Amino acid sequence: MKIISDIRVFTSTTKNEDGNPLPASVSNKTLNLAVHRIAMKLREKDFTLGEFDHLYINLTACEVPKGVALAKRSIDKYFPWYRYYDLNVDEQQLEAMLHEEKCIGIFHAVEKVLIMFFAVSEEDKQLEIVISAFIVPQFQLKK
């Protein structure tokens with residue numbers, strides 16, 4: 001079991017599966033710093049992702065089974081430490097999440113993936129306490 005090391009946010013307009021281009025990294029320093037800090041707080045609590053330690057959350061308008069799922073990409077044998085999880089959002093919602101004043105929509109997306117797939121103990125299920133600490137004015141996106 002590997003302790004969480006990093007969380008990154010991506011977007012894509014094509015299905016996140018073998019043969020298609022990799023999702024694009026969200027290029028907002030403030031957002032990326034905030035999501036990385038969430039990962040560090042979870043690391044302090046020994047939060048585990050199982051056999052990998054980098055969680056890549058891909059926000060996509062493409063259809064995703066049940067709205068959120070492990071991407072249909074093979075595990076990279078040279079870089080096995082990360083996994084993509086796809087989260088379906090419509091195009092308007094995606095634009096709003098990426099351009100909103102606060103990162104609330106992104107934080108809720110991160111929280112949803114973590115709780116649905118990795119929260120095994122009651123303590124783990126209290127993730128919203130850790131994540132809600134980041135829904136504050138100092139993490140507003142720069143215009």
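These numbers come from a predicted model, not from an experiment.
Between Tyr56 and Ile7, the closest side-chain pair of non-hydrogen atoms is not below 4.5 Å. Within the 4.5 Å cutoff, the side chain of Ile38 has heavy atoms near those of the Phe107 side chain. In this structure the side chain of Lys72 never reaches within 4.5 angstrom of the side chain of Asn16, judged on heavy atoms. No side-chain heavy atom of Tyr82 sits less than 4.5 Å from a side-chain heavy atom of Asp53. Considering only heavy atoms from C-beta on, Leu55 stays 4.5 Å or farther from Asp6 through its side chain.
Here the closest non-hydrogen pair linking Lys2 and Thr48 is O-OG1, 2.6 Å. Looking at every heavy atom in both residues, Glu51 comes nearest to Ile75 through OE2-CD1, 4.2 Å.
Of the possible donor and acceptor atoms, one in the side chain of Arg43 sits under 3.5 Å from a partner among the backbone N and O of Ile4. Judged by distance alone, the side chain of Ser25 and the main-chain N or O of Ser27 form no donor-acceptor pair under 3.5 Å. Distance alone, capped at 3.5 Å, is enough to place a donor-acceptor pair between the Asn32 side chain and the Val26 backbone.
Between Phe117 and Tyr85, the ring planes lie tilted relative to each other; the angle falls in the 30° to 60° range.
Between Phe52 and Phe118, the distance from one ring center to the other falls under 6.0 angstrom.
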Stepwise side-chain hydrogen bond (donor to acceptor under 3.5 Å, both in side chains) test for Asp86 and Thr60: CA-CA 7 Å; Asp86 295 333; Thr60 182; over 6 Å; no
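For the side-chain contact (heavy atoms from CB on, under 4.5 Å) test with Glu111, the passing option among Ile115, Leu114, Val113 is Ile115; the others fail.
In this structure, the side-chain contact (heavy atoms from CB on, under 4.5 Å) partners of Asp46, at least two apart in sequence or on a different chain, are Ile3.
No chain of hydrophobic side-chain contacts below 4.5 Å, direct or via other Ile, Leu, Val, Met, Phe, Trp or Tyr residues, connects Leu87 to Phe10.
The distance from atom CD of Glu17 to atom OG of Ser12, rounded to the nearest 0.5 Å, is 10.0 Å. A distance of 6.5 Å separates CG of Asn20 from CZ of Arg73, quoted to the nearest 0.5 Å.
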